[in-house]
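Within every chain, numbering begins at 1; the chains are lettered A, B, ... in the order of the sequence lines, protein sequences first and strands thereafter. Every heavy atom of this structure was used, including side-chain atoms; hydrogens, water molecules and symmetry mates were not. If you're wondering where the values come from, they're calculated on a predicted model, not measured in any experiment.
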Protein chains: 2
Amino acid sequence: MAKRTSLKDNACPIARSMESIGDCWSMLIIRDAMMGLRRFSEFQKHLGLAKNILTTRLRALVADGILTTEPASDGSAYQDYVLTPKGRAVFPIMVALRQWGEDFAFAPGEATNIMVDRKAGKRVRPLELHAADGRLLGVGDTAIKPVASAG
Amino acid sequence: MAKRTSLKDNACPIARSMESIGDCWSMLIIRDAMMGLRRFSEFQKHLGLAKNILTTRLRALVADGILTTEPASDGSAYQDYVLTPKGRAVFPIMVALRQWGEDFAFAPGEATNIMVDRKAGKRVRPLELHAADGRLLGVGDTAIKPVASAG
DNA sequence: CGGACCGGTTTTATATTGCAACCAGATATT
DNA sequence: AATATCTGGTTGCAATATAAAACCGGTCCG
């Protein structure tokens, strides 16, 4: 294609987020990293994607500060890909995507999986957005406020 | 490229969500629709993307049940693209992406915009995930539970 | 020390993207 | 009423991204 248009310099945080993690494979790599996968071959087997694609995605995630490489935990000469704090902070996005998918992307009775509270084993509540004073907020209760550049 | 691998039949809700809305333009179209944009030309001007790309994205979002077309609200012969309930349910995903972007994707002092509570004008709280019994849950407090196909 | 495994890189074919030009019908202007 | 302009696209084209497959040097395993 023509070069994909970059949103790196867009002023909207949503656009910037999508630029970093708005790719199927990147998101699924982060998902798998949250489940404990660390090695190149683990990601490749579990996701079933081509190795060259995995390579480009891992490099991009490392460049973005979402993953870091560190010496393999099994003592071998290889390396692990592990989440940084920025990477772990993707958790709410993952939960939101998951809940929307659970609710709308499956026919009744279709095989799938759901997120549960580890202790009780019960399904978690829908994500909630609250105001600073604690009020529960819906779609119409929010606004976007510009923040000018300092300088 | 070779045909992008489809995740439509993947059992993971995250993968299915990404298949529907894991595209920059699709997500930004939904964002703009939430801000009240409705017409083809409004999306095109505001997003600055090519018309053929906008066409394919709008068609896909309609096919996915995220947008619907309806007669233009201004009485003209044209049509509006409006969010369905499924489309409005993308809101938490949008908020999650936005909060992560606000937190990690901008240098200090860079121009941007933030989400505030419409009434108080104050920044909203981070999204929260709670267990059925109300406990606040973090990354390690959740688990994924398979749901076999019925039949 | 020989074979398998690991983490890639290099082709190659085919899709997708984006730009620009074009177009028919609806709307606005004179 | 005739013409110009806007709307919502479609059609070509060039550049780039994706995926499958083959290949490859360093590790590890017995």
Separation of A:Tyr78 atom OH from C:dG7 atom C1', in whole Å? 7 Å

I need the CG-C1' distance between A:Asp23 and C:dT16, as an integer number of Å. 14 Å

OP1 or OP2 of D:dA19 less than 4.0 angstrom from a side-chain nitrogen or oxygen of B:Arg4, does that happen here? no

Could you check how far CZ of B:Phe43 sits from P of D:dC6, rounded to whole Å? 21 Å

Taking 4.0 angstrom as the limit, do A:Asp74 and A:Arg39 come out as a salt bridge? yes

If the cut-off is 4.0 Å, is B:Gln79 near the phosphate of C:dG25, judged by side-chain N/O to OP1 or OP2? no

Whether B:Asp117 and B:Lys119 form a salt bridge (side-chain N of Lys/Arg under 4.0 Å from carboxylate O of Asp/Glu) is what I want to check. no

Sorted by number, the residues of residues 44-66 of chain B with heavy-atom contact under 4.0 Å to DNA chain C: B:Ala50, B:Asn52, B:Ile53, B:Arg57

Closest non-hydrogen atom pair, B:Asp64 against B:Ser20: OD2-OG, 3.4 Å

Going by an N to O cut-off under 4.0 Å, is there a salt bridge joining A:Arg123 and A:Asp103? yes

Using modelled atom types and a 3.5 Å cut-off, is there a donor and acceptor pairing between side-chain atoms of A:Ser149 and backbone atoms of B:Glu110? no

Taking atom types as modelled and ignoring hydrogens, do the side chains of B:Gln44 and B:His46 form a donor-acceptor contact shorter than 3.5 angstrom? no

Less than 4.5 Å apart, any side-chain heavy atom of A:Val82 and any of A:Leu67? no

How do A:Ser76 and B:Glu42 order along DNA chain D: which one's closest nucleotide is nearer the 5' end? B:Glu42

All N/O pairs under 3.5 Å across the protein-nucleotides 2-4 of chain D interface:
none

Taking 4.0 Å as the cut-off, does a side-chain nitrogen or oxygen of A:Tyr81 come that near to OP1 or OP2 on C:dC6? no

Donor-acceptor pair, side chain of A:Thr84 and main chain of A:Ile66, under 3.5 angstrom: yes

Side-chain N,O (A:Arg39) to OP1/OP2 (C:dC6) below 4.0 Å: no

Are A:Arg16 and B:Glu102 close enough for a salt bridge, meaning some N to O gap below 4.0 Å? no

Nearest to the side chain of B:Thr5 - D:dC28, D:dG9, D:dA20? D:dA20

Nearest whole angstrom, please: distance from the C1' of D:dA17 to the CD of A:Glu19. 14 Å

Could you tell me whether the phosphate oxygens of D:dT18, OP1 or OP2, come under 4.0 Å of any side-chain nitrogen or oxygen in A:Trp25? no

Which whole-number value in Å describes the distance from A:Asp74 CG to D:dC28 P? 9 Å

